[in-house]
Amino acid sequence: MTRHDLTVKSLRSSLASRRAARVERRSLERQLASYTSESDRIELDAILSRHSAEETTELRSIINRQAMDRLLRTA
């Protein structure tokens, strides 16, 4: 195998991994968006509080962005 072949395979693998990560994140965003009521949010916050900040950083980022989006839509 040539060096070029390895580079192309590496690039394809990297792109495939990034694509899969985007698909997973969109799915997670859809799931989190279903928590719409105040009681849903309280329950979700209670669940997240059982885990470390490192474990919940991505989830909290998505939740906060979605909350801001909702506020902006209703303003």
Side-chain angles (χ1 to χ4, degrees):
M1 222 179 254
T2 68
R3 184 173 179 197
H4 177 68
D5 291 338
L6 290 175
T7 302
V8 170
K9 283 187 177 193
S10 174
L11 179 60
R12 285 182 180 161
S13 176
S14 175
L15 290 173
S17 294
R18 292 175 67 191
R19 190 175 308 119
R22 278 193 311 274
V23 168
E24 288 177 22
R25 184 172 173 98
R26 285 186 196 122
S27 175
L28 179 58
E29 288 173 347
R30 281 190 300 275
Q31 291 172 17
L32 291 173
S34 70
Y35 289 85
T36 55
S37 72
E38 185 65 26
S39 62
D40 287 343
R41 293 293 183 180
I42 291 169
E43 179 182 1
L44 184 56
D45 191 49
I47 292 167
L48 293 177
S49 68
R50 296 181 206 141
H51 301 275
S52 72
E54 290 128 4
E55 293 173 316
T56 62
T57 298
E58 181 179 11
L59 296 171
R60 290 189 187 279
S61 172
I62 293 169
I63 291 166
N64 290 337
R65 184 183 47 76
Q66 289 176 343
M68 286 302 295
D69 289 347
R70 276 193 304 282
L71 282 174
L72 292 173
R73 280 194 307 267
T74 60

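Keep in mind that the numbers below use all heavy atoms, side chains included, and drop hydrogens, waters and symmetry copies.
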Worksheet item: Is Leu44 close to Leu59 at the side-chain level, that is, under 4.5 Å between some pair of heavy atoms?
Response: no

Worksheet item: With distance as the sole test, does Ser17 use its side chain to make a donor-acceptor pair with the main-chain N or O of Ser13 at under 3.5 Å?
Response: yes

Practice prompt. Write out all pairs satisfying salt bridge (charged side-chain N to carboxylate O under 4.0 Å, His left out) with one or both partners inside residues 30-48, taking only residues at least two apart or from two chains.
Written response: Asp45-Arg60

Worksheet item: Checking Ser49 side chain against Ala46 main chain: does a donor-acceptor pair fall under 3.5 Å?
Response: yes

Worksheet item: Taking atom OG1 of Thr56 and atom CD1 of Ile47, what is their separation to the nearest 0.5 Å?
Response: 12.0 Å

Side-chain donor-acceptor contacts of residues 67-75 below 3.5 Å, not counting sequence neighbours, with atom names and distances?
unit_1 : atom_1 : unit_2 : atom_2 : d
Asp69  : OD2    : Arg65  : NH1    : 3.3
Thr74  : OG1    : Arg70  : O      : 3.2
Thr74  : OG1    : Leu71  : O      : 3.1

Worksheet item: Taking Thr57 for the side chain and Ala53 for the main chain, is one N or O donor matched with an acceptor at less than 3.5 Å?
Response: yes

Worksheet, complete the sentence: The reported gap from CD1 in Ile62 to CD in Gln31 (rounded to nearest 0.5 angstrom) is 10.0 Å

Item to complete: Could you name each residue pair satisfying salt bridge (charged side-chain N to carboxylate O under 4.0 Å, His left out) that touches residues 16-27, not counting sequence neighbours?
Response: Arg25-Glu29, Arg25-Glu58

